Amino acid sequence: MLKDITLGQYYRTESPLHRLDPRVKIVATFAFIISLFLVKNFIGYLIAGLFLLICIRLSNVPVRFIFRGMKAIFFLLILTMVFNLFLTPGIVVFSFWKLQITKEGIKLALMMGIRLVFLITGSSLMTLTTTPNNLTDGLEKLLGPLKKIRVPVHEISMMMSIALRFIPILMEETDKIMKAQMARCADFESGSVINRAKNLIPLLVPLFISAFRRANDLAMAMEARCYRGGDGRTKMKPLIYQKRDFIAYLCILLYVVMVVVIGRLPV
Amino acid sequence: MAILLNHVNYIYDEDTAMANAALIDVSLKIPDGQFIGIIGHTGSGKSTLIQHMNGLIAPSSGQIFFNNEDICDRDYNKKNLRARVGLVFQYPEHQLFETDCFKDVCFGPKNLGLSQKDAELRAYTALKQVGLEDEYFYQSPFDLSGGQKRRVAIAGVLAMNPEVLILDEPTAGLDPKGREEILGLISELHRKTGITIILVSHSMEDVADYVERIIVMNRGRVTFDGEPKEVFSHYKELEEMGLAAPQVTYCMQELREAGFDVDTSVTTLLEAKNEILKAFMKC
């Protein structure tokens with residue numbers, strides 16, 4: 001059941017998108033998300049969709065895999081669309097009881113739906129094609145200028161990469177503990193809500209103990225290697241822009257200009 | 001006939017690029033009362049194999065029968081199966097959670113729906129069976145030594161009165177003395193109760209002295225299956241898999257090559273000693 005969570009996961013394969021500098025991908029994702037909020041008509045979304053489709057093709061990640069993560073937000077998506085559908089004032093198209101559907105409501109609901117789906121797909125495409133380490137490296141480099149105003153950029157990114165690194169470890173640990181307790185006939189799947197919460201104790205206690213132990217071990221290992229923060233620390237694989245990264249920046253710029261110009265035309 | 005595996009295959013992450021066959025066409029018969037060792041290198045599929053036996057993992061294809069019932073049936077009682085085929089995992093830290101050892105061992109029997117009194121009775125018997133001293137009964141399991149934690153973990157499964165006991169690497173991370181104690185305990189358990197025991201290990205030395213049958217796993221397949229003597233006679237092939245026969249086997253082979261008339265198929269230290277003495281007398 002834990003295997004179904006693909007949000008924020010990395011998909012190991014070889015593709016032009018995987019090879020790009022993480023900074024490019026972070027900037028591109030932000031540009032894409034902002035562009036989604038600037039668009040005012042469906043032609044704009046069509047362009048955004050095409051851009052996304054090209055990116056998905058370039059990433060070599062199976063489409064099925066990307067949309068599996070969508071299940072998690074399905075409920076949110078439906079809720080947003082229903083609220084927009086019924087609660088937007090305007091020209092009434094259809095009404096029953098106290099509810100009425102307006103022309104504006106249909107349009108808004110559709111736009112919201114598309115926006116949400118694109119948003120999730122776009123950002124999960126970034127995490128699917130970038131290793132957590134690369135992602136935090138890129139973020140650290142991008143936020144570098146903030147060091148001047150005393151923001152602890154290195155520490156933040158270090159914390160982030162450790163947290164990300166621990167997600168699969170703890171997931172695996174959870175799986176093992178669950179199996180060990182299921183071998184003793186523990187039941188995690190049935191019963192009332194209160195009983196189910198109670199049944200989680202045999203899972204949570206070993207999990208917390210192991211998390212604390214791992215954190216302790218990691219701190220010790222870092223200290224043993226003289227870790228003392230980011231000042232003067234060099235990288236084994238420093239991020240250097242290649243030709244392809246500049247081409248990618250150019251493509252993104254082109255896309256943003258196109259979407260903003262066409263997408264904001266009044267319909 | 002206790003457990004029967006019929007052409008079992010298992011593939012991890014079946015429909016992704018990471019697909020990885022962990023078991024390939026495994027067919028096994030495990031009769032009642034046997035003491036079996038499953039040997040294999042890390043990643044050979046031995047852990048995956050034993051998790052099939054109590055229904056924690058369902059095979060990608062093939063069938064598994066326990067007492068002639070297909071355990072993959074939708075309406076087969078998995079809970080009941082897990083009580084009858086007890087599985088002790090490698091790390092006791094993964095299952096100990098209660099405030100004291102006694103309560104922790106009660107967890108299994110209570111899940112079976114036993115009354116508090118019956119569960120406590122079972123827990124007491126199980127803790128006695130694994131030879132934990134009384135003074136540790138009401139201590140936190142987290143304060144115990146590695147060997148004692150393992151005993152409590154084994155007791156936690158034994159308390160459900162299983163017909164088959166599977167132990168995954170019960171000696172990992174123990175010092176030689178602790179290792180010997182745990183293995184001695186397991187073989188005594190087998191002798192006294194007569195339950196089927198499956199011991200999973202990557203060390204030949206661990207199992208050679210105790211088990212009556214060895215199953216060697218390599219890359220998801222059963223490579224050898226037979227009595228220790230028979231399996232160890234393939235010591236050259238075992239080495240190619242990154243496994244090794246017990247040191248006794250090597251010692252006897254070298255004696256044979258040096259021209260002594262010894263039986264190279266002995267597996268335990270005691271047999272080897274007798275064999276060497278016999279050869280020595282002849283000289």
Side-chain angles (χ1 to χ4, degrees), chain A residues 1-4 6 9-15 18 59-69 128-129 168-191 195 198-214 216-217, chain B residues 12-18 47-48 50-51 53-57 77-99 103-114 119 126 140-142 149 153-160 162 165-168:
Chain A
M1 83 182 107
L2 292 171
K3 268 186 281 182
D4 294 336
T6 60
Q9 236 180 42
Y10 175 66
Y11 188 90
R12 192 181 308 276
T13 182
E14 185 54 44
S15 85
H18 281 72
S59 74
N60 270 346
V61 180
V63 178
R64 208 157 24 93
F65 200 82
I66 295 171
F67 284 99
R68 220 195 285 169
L128 279 167
T129 58
I169 293 177
L170 289 180
M171 290 248 265
E172 201 177 306
E173 198 98 332
T174 311
D175 188 54
K176 279 186 180 159
I177 295 168
M178 255 173 130
K179 277 182 174 167
Q181 303 297 27
M182 274 158 78
R184 294 205 283 165
C185 297
D187 192 355
F188 295 113
E189 270 140 19
S190 55
N195 263 334
K198 258 192 198 160
N199 289 348
L200 281 181
I201 294 171
L203 173 66
L204 291 179
V205 172
L207 190 63
F208 269 95
I209 289 172
S210 123
F212 279 120
R213 204 193 58 236
R214 277 180 193 280
N216 216 350
D217 288 353
Chain B
Y12 274 108
D13 297 314
E14 199 166 357
D15 39 47
T16 66
M18 288 86 89
S47 287
T48 314
I50 54 169
Q51 287 177 44
M53 292 181 184
N54 76 343
L56 280 176
I57 300 181
N77 188 346
K78 286 266 170 67
K79 207 166 166 177
N80 188 6
L81 172 74
R82 282 172 198 149
R84 294 168 74 183
V85 182
L87 174 56
V88 186
F89 278 92
Q90 184 173 355
Y91 298 105
E93 289 84 1
H94 284 162
Q95 68 173 67
L96 302 175
F97 73 100
E98 275 288 6
T99 46
K103 272 192 206 156
D104 201 275
V105 177
C106 285
F107 180 67
K110 267 199 208 154
N111 283 332
L112 292 178
L114 263 63
S140 162
F142 304 106
K149 269 187 201 161
I154 295 173
V157 173
L158 265 186
M160 299 189 297
L165 182 66
I166 307 173
L167 300 121
D168 192 0

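Worth saying up front: this structure is predicted, and the values here are computed from it rather than measured. So you know, we letter chains A, B, ... as the sequences are listed, proteins then strands, and number each from 1.
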Could you tell me which portion of [X] (side chain, backbone, both or neither) has an atom closer than 4.5 angstrom to a non-hydrogen atom of chain A?
X	value
Q51(B)	side chain
D168(B)	neither
F142(B)	side chain
L87(B)	both
I57(B)	side chain

Discussion item. Just to be sure I understand the criterion: a residue of residues 202-209 of chain A counts if one of its heavy atoms is under 4.5 Å from a heavy atom of chain B. Which ones qualify?
Written reply: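 Only P202(A), V205(A), P206(A), I209(A) of residues 202-209 of chain A have a heavy atom under 4.5 Å from chain B.
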Practice prompt. Give the minimum heavy-atom separation between C185(A) and A83(B), together with the two atoms involved.
Written response: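 Taking every non-hydrogen atom into account, SG-N, 3.9 Å.
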Distance (rounded to the nearest 0.5 Å) between [X] [atom1] and [Y] [atom2]:
X	Y	atom1	atom2	answer
I201(A)	E98(B)	CD1	CD	8.0 Å
N54(B)	M182(A)	CG	CE	9.0 Å
R82(B)	K179(A)	CZ	NZ	10.0 Å
K176(A)	F89(B)	NZ	CZ	9.5 Å

Worksheet item: Does anything in residues 200-213 of chain A pair up under salt bridge (Lys or Arg N to Asp or Glu O under 4.0 Å), and if so which pairs, sequence neighbours excluded?
Response: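 Applying salt bridge (Lys or Arg N to Asp or Glu O under 4.0 Å) to every pair that reaches into residues 200-213 of chain A, excluding sequence neighbours, yields nothing.
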Practice prompt. Check whether any side-chain heavy atom of Q181(A) lies under 4.5 Å from a side-chain heavy atom of H94(B), and answer yes or no.
Written response: no
Discussion item. Taking OH in Y91(B) as the centre, count heavy atoms belonging to other residues, nucleotides or ligands within less than 6.0 Å. Is the count above 12?
Written reply: no
Worksheet item: Checking side-chain contact (heavy atoms from CB on, under 4.5 Å) against R184(A), which of D104(B), V88(B), L112(B) comes through?
Response: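 Between R184(A) and the candidates, side-chain contact (heavy atoms from CB on, under 4.5 Å) is satisfied uniquely by D104(B).
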